[in-house]
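The model shown is predicted, which means the values in this text are computed figures rather than measured ones. Residues: numbered from 1 along the sequence shown.
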Amino acid sequence: MPTLDNESDGNGENRQKEGSKKTYFVRIHAPWEVLTRHAEISQVRMPIKSPAVPVPAQGVLQKVTACLERLLDPFRLPEEVEARFKPKKFTCPFNRERETMFDIKEPASFFRPHVRSRIAYSILLRNKFGHGATEFGDRIAKALALGMYDGAYPLHDGDYDDKAIDNDRKVLYHHWARFSCFLRYQPVDLIRDYFGSKIGFYFAWLGFYTWMLFPAAILGLVVFIYGIVTMWWENQVSDEICNDYFNLTMCPLCDKFCGYWSLGESCQSAMASHLFDNPATVFFAIFMSLWSTMFLELWKRRRHALQYLWDLQTFRQEEERPRPQFEAQVRHTKRNWITQEDEPWLPFIYRIPRYMLSAVLVLFAIALAVGAVFGVIMYRVSVQASLALNRNELIATNANLVTTATAATINLTIILLLNMIYSHIAEYLTELEQPRTETEFDDSFTFKMFLLQFVNYYSAIFYIAFFKGRLIGRPGKYVYTLGYRQEECSPSGCLVELCMQLGITMAGSQLVANNLREIFLPKILVWLNFRWLIQAMAGKSEEERKKTGLSRWELDYLHVDIGPRGLFFEYLEMVIQFGFVSLFVAAFPLAPLLALINNILEIRLDAQKFVCSLRRPMVGRAADIGVWYYILEAISTISVCTNAFVIAFTSEFIPRLVYTRVYSPDGSLNGYLNFSLSYFEVEDFSEKNTPRNPLHLGHNVTFCRYRDLREPPWAEDPYEYSNAFWHVLAARLAFVVVFQNITFLLTRFLDLLIPDTSYDLQDAIKMEEQLVSRAILDFELQRTKQRQRHNRFRRQQTAPPDEDEEHSPTTPGPSDHC
C-alpha cells in the first residue's frame, strides 16, 4: 500500500510484514525538484523573505485592547509553541525563476507537511496505472476503491510520548490533545500545518463555537437561578395549586378506569414549571436569537482572518475527477468542456427513476421516525393511566413525572438505533443516485442525513411543544386517535415535559453516547489491530521479534482510517447540538451550559483521536466549513420562529399577561388559576367517559375542572370557547408577529453593523499585496540589472579589438587636448 513520505531527504523503500498473508508497503517520496515544479504549476503560495514592515503607532484604543488581552494570557499557548507558526510571513505564488526571493533557509523544511502531502497525493491522483489506462482510468483513487491497495496515507512525524524526539505530533499531543489543556487556546495554525486546512477549519470553528457558548451558558444559568429564587416568592399560580384552600376537583385523565383527582397532586409539577416558565425566559429567547446571529457574523470575520493567515484568499476549487464507483458503473461518456477529456456521464433520463426511488425511501425513513414517536405516545398514554390507578399514593402522584422520564429515555434509545440505520440508508441511496464527483456525493449525502437526523432528534420535541394537548377536545367530547384519547398537559402546561425531553435527549446523545463512542471506539479498533499483529508474530522467536522492529508506516497502518467522510459526522453532531441550543432554548435555558461542557470534552477527545488513534488523513484543502454554514444559518432563522411559538403557545406567559392586563381586578395573578380552568358538569359525561369509581375522592362530584378557556355549563352556549380564549389567541398571534419582526430587525441590524472583514484585516491584506508586489518588482529589477551587467561583460569578452586602437600612438596628439 502507498504511504506518503513527509521527509524531503528520504529514499523510496518497501517492506513486508509476515502474517497470515503478506502486506507490502510502498513508501512514496517527492524530491525537491518535483515539489518545486508542482508547487509552481499549482500556484502554491510560499513565504518570501520578509521585507521591512512599518510598525504603526499605537493609539489609546490599541493600548486598551493590549491591556485587556493580557487578561487572556493564562489561556494562551506557551511561547515555544506559538513560535512555530508566528508571526505570519508574506507569501506569493511559488516560481522557480524567483527561487532566491523565497525564504528558503533549509529545503527540507521549506514546504510544510500539508503542502508536501497534497502535492504527492495530487500526483498519484493524476497518474495512470497498468496497461491500456484510459483518459479517466486507473488512478490511485480507483485502485483504492477496487481493493488493489488497502490504504494510502501520509506518515505521522513520529511518536508522541515523552521519550520521542521533538516533532509536530508530539507538540500537538502535549499542548492540544491532553485534557489538562482544556482551558488553553488550540494551536489551529499547527493543526492546519499538520493535517491540512480542511481539518484545521473544523477545529477552528469548533473552538470558536465553544468560546461563543460561554456568555450564553452563563446567562442561561442566571435565568435558571432566577427561576429557583422566584419560585418561592413570585409564584402566585403555584401557591394556589399547592394551597389546600384551592383544592379543586379535576376531570379524569382517561376513560372509565381513571377517577377524579385533586389539583393539589400537581403541586410539584407546577413548582418545577416556574423554573423555565418565567419572564426571564422571554428575554433569554431574544438574547439567544441575537446570539446565534452574532455567532455566525463573527465566525465570518474569523473565517476571513484564517483565510488570510493560511493563504486561502485566492482559493479555487479544483476541477474534480469522476468517482471511481461512478466510472465503474456508467457506460456513457461525454466530453468535459473544461478539461477537454472524455469522461463517464449519466444522462438525466436515467437519473429520474433513481431520484424518485431515493425520495420514496427517504419519506419511508422519515415515516419510520414519526411512527416511533407515535409508539412512544401510546406508551405514555397507557403507562400514565396505569400508574394513576396505582394504590401507592407516591406513585400515583408522580405518574406524569415517571411516565415522561421513561418515555424520554425510550425515545433516546430509539434515536440512537435509528441513527445507525439512517447512516446506512443515506449512503445506499446516495450510491443509488450515482453522483459524479465526491463533492456531489457529499452534498447529497449531507442533505439526506441532516433531514433524517433532524426528524429523528426533533420530532418528539416538536410534538410536545406544539401538538400535545392542543387538539384533545373537551370532557364529554374527546378526540380519539386509533381508539385512544390524546394526551393532555398538566394544569401548569407542557413546559416541564418539554424540558425533560430536551434535557434527556441532549445529555444522553451528546454527553454520554457520542463521547463514549469517541473515547472507546478508536482505542478498541487500534487494540484489535495490535492483537492481530501479536498473533501474526506468535510463531517467531524472541530474537526474531526484536530484530523485526516496526517502522513508522507499519505503526500507522495499525491505526484507524478516518474514511472518506471522516469529518462529516463530527460536523453533524455539532449542528444537531446547535439545534438544541437555539431551537427550543426558551424551554430549556440550560442547553448552552450542557453544550459548553460537551464541547470542552469534544475538542480534546477529537484531538486525541486524530493524534493518537487515526492514521494521518489525506490533506484536504478548504477555505471554510462548506455547506454546514448555510445549515447553521437556516437553523438560526428557524429558531426565531420556534422560540416565538414556544413562548406564545407552550408557556403560560401570554395567558398570564392577558389576565393581568384585562381580567385581573388588581393587576396581579390572584385568581388566574380559576380563570385558566373551565367547568364541566359530570352528568354530561357519556357512558364511555364516566369513571367507574366516581367516589374515588370520598365525596360526590357535581362539577370537575379541566384546562381550557370555555363557557361553563350554565352559560347560554355551554362548552363553547369563551371570549377570553379569543383574546388570548389574538395576543399569542400578535406576540409571534412582534417577536419575529423585532428579532429579525435586530439580527439584520447586527448583520449590517458587523463587517465580514475587520478594518485591520483589510489594511493588512492591502499592505501585504503592496509589499509583495514591491518585493517582486525589486527582484525583477535586480535580476534585469544583473542580466544587463552579465550581457555587457560577455559582449566585452567576445567583441573583436578595434584596429585604430591597436595602431594609435601612445603619446596624445593635438586633437586629444581639445
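- Checked against the 6.0 Å centroid threshold, W176 and Y173 do not count as a close aromatic pair.
- In E106, the CD atom is not crowded: 12 or fewer heavy atoms of neighbouring residues, nucleotides or ligands sit closer than 6.0 Å.
- Checked against a 6.0 Å centroid threshold, the rings of F295 and W291 count as neighbours.
- Between Y185 and F75, the ring planes lie tilted relative to each other; the angle falls in the 30° to 60° range.
- Aromatic ring pairs are classed by plane angle as parallel below 30°, tilted from 30° to 60° and perpendicular above 60°; the pair F94 and F110 is tilted.
- For the pair Y194 (side chain) and R616 (backbone), a donor-acceptor distance under 3.5 Å is absent.
- Atom NZ of K170 has more than 12 neighbouring heavy atoms from other residues, nucleotides or ligands inside a 6.0 Å radius.
- The existence of a salt bridge linking D103 and K89 is confirmed by a sub-4.0 Å separation between a basic side-chain nitrogen and an acidic carboxylate oxygen.
- Classification of R552 and D159 as a salt-bridged pair holds, one side-chain N sitting under 4.0 Å from a carboxylate O.
- With a 6.0 Å radius and a threshold of 12 heavy atoms from other residues, nucleotides or ligands, F214 has its CZ atom above the threshold.
- Between W628 and F201, the gap from one ring centroid to the other reaches at least 6.0 Å.
- Taking the six-membered ring where the residue is Trp, the centroids of Y209 and W299 are separated by 6.0 Å or more.
- Minimum interatomic distance between L614 and H559 (heavy atoms only, all atoms of both residues): C-CB, 3.8 Å.
- Within a 6.0 Å radius of NZ in K300, more than 12 heavy atoms belonging to other residues, nucleotides or ligands are found.
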